[in-house]
Student: 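The structure is given below, and queries will be raised subsequently.
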Amino acid sequence: MELQLQKYRNRHSLRSKILRVLWSLCWWLLFRPTPRGNLFRPWRAFLLRCFGAKLARGANILPSCRIWQPWNLTMGAYSCLSERVDCYNVDQIVIGDQAVVSQDVFLCTASHDVTSPIMELTTAPIRIEPQAWICARAIILPGVTVGEGAVVAAGSVVTRPVDSWQIIGGNPAKFIRKRIMKP
């Protein structure tokens, strides 16, 4: 059996494609050029909400953050998407209260079925529970839930769910130790 990519059909609706084009224009012209800092934080949140993002009070999205489909993004209170975070959110990405996603992280909710002759698109949501921290340059793959208070070490590739209050790291990410907060 060989690949038959000429038979591949894009599953995204025309409406979705048009909205993504409009969002890209908005991102380039109105979102991305804003300076870092608290003054323009409400403006960026307003733009994302106009495209369907669900953002709680205090959610912070830095201007260099890329969000593929804002309508698939939910962020809790005082959560943060830092510099150059790439949210490839073909499916839902939910970020809990006070969760931090550090710079250059890639959150990827889509892949392809490598057993399919047309490499059919597959998607699964990503959930980052409250008080979790995704350190710089980590990659979170489709279907992963990062538990409450968990820490994903810098540069890790997370392919499986992470239990609450664990520290994990590596490629693929493995358990390092429990996260115990000082009193």
Side-chain angles (χ1 to χ4, degrees), residues 10-112 121-152 154-156 158 162:
N10 189 316
R11 293 190 323 177
H12 299 289
S13 69
L14 179 60
R15 179 180 185 275
S16 174
K17 291 175 186 176
I18 291 168
L19 283 173
R20 283 198 335 266
V21 167
L22 292 173
W23 166 245
S24 289
L25 289 170
C26 180
W27 186 84
W28 277 106
L29 298 173
L30 302 172
F31 187 95
R32 176 68 181 101
T34 62
R36 243 185 107 142
N38 291 334
L39 184 62
F40 285 92
R41 183 187 300 180
W43 171 248
R44 290 190 297 271
F46 168 77
L47 292 173
L48 285 164
R49 286 184 182 113
C50 286
F51 281 88
K54 294 166 219 61
L55 306 176
R57 182 172 184 259
N60 186 18
I61 303 93
L62 276 73
S64 60
C65 182
R66 293 299 308 252
I67 299 163
W68 200 68
Q69 292 184 156
W71 49 94
N72 282 340
L73 178 65
T74 302
M75 291 181 67
Y78 305 101
S79 57
C80 179
L81 291 176
S82 190
E83 294 287 348
R84 299 172 308 278
V85 169
D86 190 347
C87 292
Y88 185 53
N89 55 340
V90 179
D91 207 320
Q92 295 291 315
I93 292 179
V94 177
I95 300 170
D97 295 345
Q98 300 181 58
V100 175
V101 180
S102 293
Q103 63 272 14
D104 299 309
V105 167
F106 183 41
L107 303 173
C108 181
T109 63
S111 187
H112 293 275
L121 181 70
T122 61
T123 68
I126 291 174
R127 183 169 190 84
I128 299 170
E129 298 289 336
Q131 301 180 55
W133 177 25
I134 313 300
C135 297
R137 296 191 176 168
I139 298 171
I140 311 296
L141 294 178
V144 168
T145 295
V146 177
E148 181 178 2
V151 175
V152 175
S156 298
V158 184
V162 179

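Reckoned from all heavy atoms, side chains included, excluding hydrogens, waters and symmetry mates.
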Student: Flag the pair Arg137 and Asp104 as a salt bridge only when some basic side-chain nitrogen lies within less than 4.0 angstrom of an acidic carboxylate oxygen.
Tutor: yes

Student: Donor-acceptor pair, distance only, cut-off 3.5 Å: does the side chain of Ser82 make one with the backbone of Ser102?
Tutor: no

Student: Hey, could you give me the OG1/CG distance between Thr109 and Asp91, rounded to the nearest 0.5 Å?
Tutor: 5.5 Å

Student: When rounded to the nearest 0.5 angstrom, what is the spacing between CZ in Arg20 and OG in Ser13?
Tutor: 8.5 Å

Student: Please tell me if the side chains of Leu19 and Pro70 come closer than 4.5 Å, counting only heavy atoms from C-beta onward.
Tutor: no

Student: Go through the steps to decide whether Lys17 and Val21 satisfy the test side-chain contact (heavy atoms from CB on, under 4.5 Å), and finish with yes or no.
Tutor: CA-CA 6 Å; Lys17 291 175 186 176; Val21 167; 5.7 Å; no

Student: What is the ring orientation for Phe106 with Tyr88, classed by angle as parallel under 30°, tilted 30 to 60°, or perpendicular over 60°?
Tutor: parallel

Student: Give me the one residue out of Thr145, Ile134, Val101 that meets side chain to side chain contact (heavy atoms under 4.5 Å, CB included) with Ile140.
Tutor: Ile134

Student: Evaluate the criterion side-chain contact (heavy atoms from CB on, under 4.5 Å) for residue pair Arg44 and Asn60; output intermediate values, then yes/no.
Tutor: CA-CA 9 Å; Arg44 290 190 297 271; Asn60 186 18; 4.1 Å; yes

Student: Give the intermediate values and the outcome of side-chain contact (heavy atoms from CB on, under 4.5 Å) for residues Phe51 and Leu22.
Tutor: CA-CA 9 Å; Phe51 281 88; Leu22 292 173; 4.0 Å; yes

Student: Which heavy atom in Cys135 sits nearest to a heavy atom in Val151, and how many Å separate them?
Tutor: SG-CG1, 4.0 Å

Student: From Ile61 CD1 over to Ser79 OG, what is the distance, rounded to the nearest 0.5 angstrom?
Tutor: 7.0 Å

Student: If we ignore hydrogens and angles and just use 3.5 Å, is the side chain of Asn89 paired with the main-chain N or O of Gln69 as donor and acceptor?
Tutor: yes

Student: Measuring from Asn72:CG to Ser16:OG, what's the distance to the nearest 0.5 Å?
Tutor: 8.5 Å

Student: Between SG of Cys87 and CG of Leu81, what distance do you get to the nearest 0.5 Å?
Tutor: 5.0 Å

Student: Quick one: which of Trp71, Phe31, Trp68 gives a ring-ring contact (aromatic ring centres under 6.0 Å, His included) with Trp23?
Tutor: Phe31

Student: Side chains of Ile128 and Leu107: does their closest heavy-atom pair fall under 4.5 Å?
Tutor: yes

Student: What closest approach, in Å, do Arg49 and Leu55 show between heavy atoms, and which atom pair accounts for it?
Tutor: NH2-O, 2.8 Å

Student: If you look at every heavy atom in Ala150 and Val162, which pair is closest and at what distance?
Tutor: CB-CG1, 3.8 Å

Student: Could you give the distance from OG (Ser111) to CG (Leu141), rounded to the nearest 0.5 Å?
Tutor: 8.0 Å

Student: Tell me whether the count of non-hydrogen atoms from other residues, nucleotides or ligands lying under 6.0 Å of CH2 in Trp27 goes above 12.
Tutor: yes

Student: Show your reasoning for whether side-chain contact (heavy atoms from CB on, under 4.5 Å) applies to Val146 and Glu129.
Tutor: CA-CA 6 Å; Val146 177; Glu129 298 289 336; over 6 Å; no

Student: Minimum heavy-atom separation for Ala110 to Val90, with atom names?
Tutor: CB-CG2, 3.8 Å

Student: What heavy-atom pair brings Gly76 and Ala59 nearest, and what distance separates the two atoms?
Tutor: O-CB, 3.9 Å

Student: What's the shortest heavy-atom distance between Gln103 and Arg84, and which atoms?
Tutor: CB-NH2, 3.9 Å

Student: Side-chain contact test, heavy atoms from C-beta onward, threshold under 4.5 Å: evaluate it for His112 versus Leu121 and give yes or no.
Tutor: yes

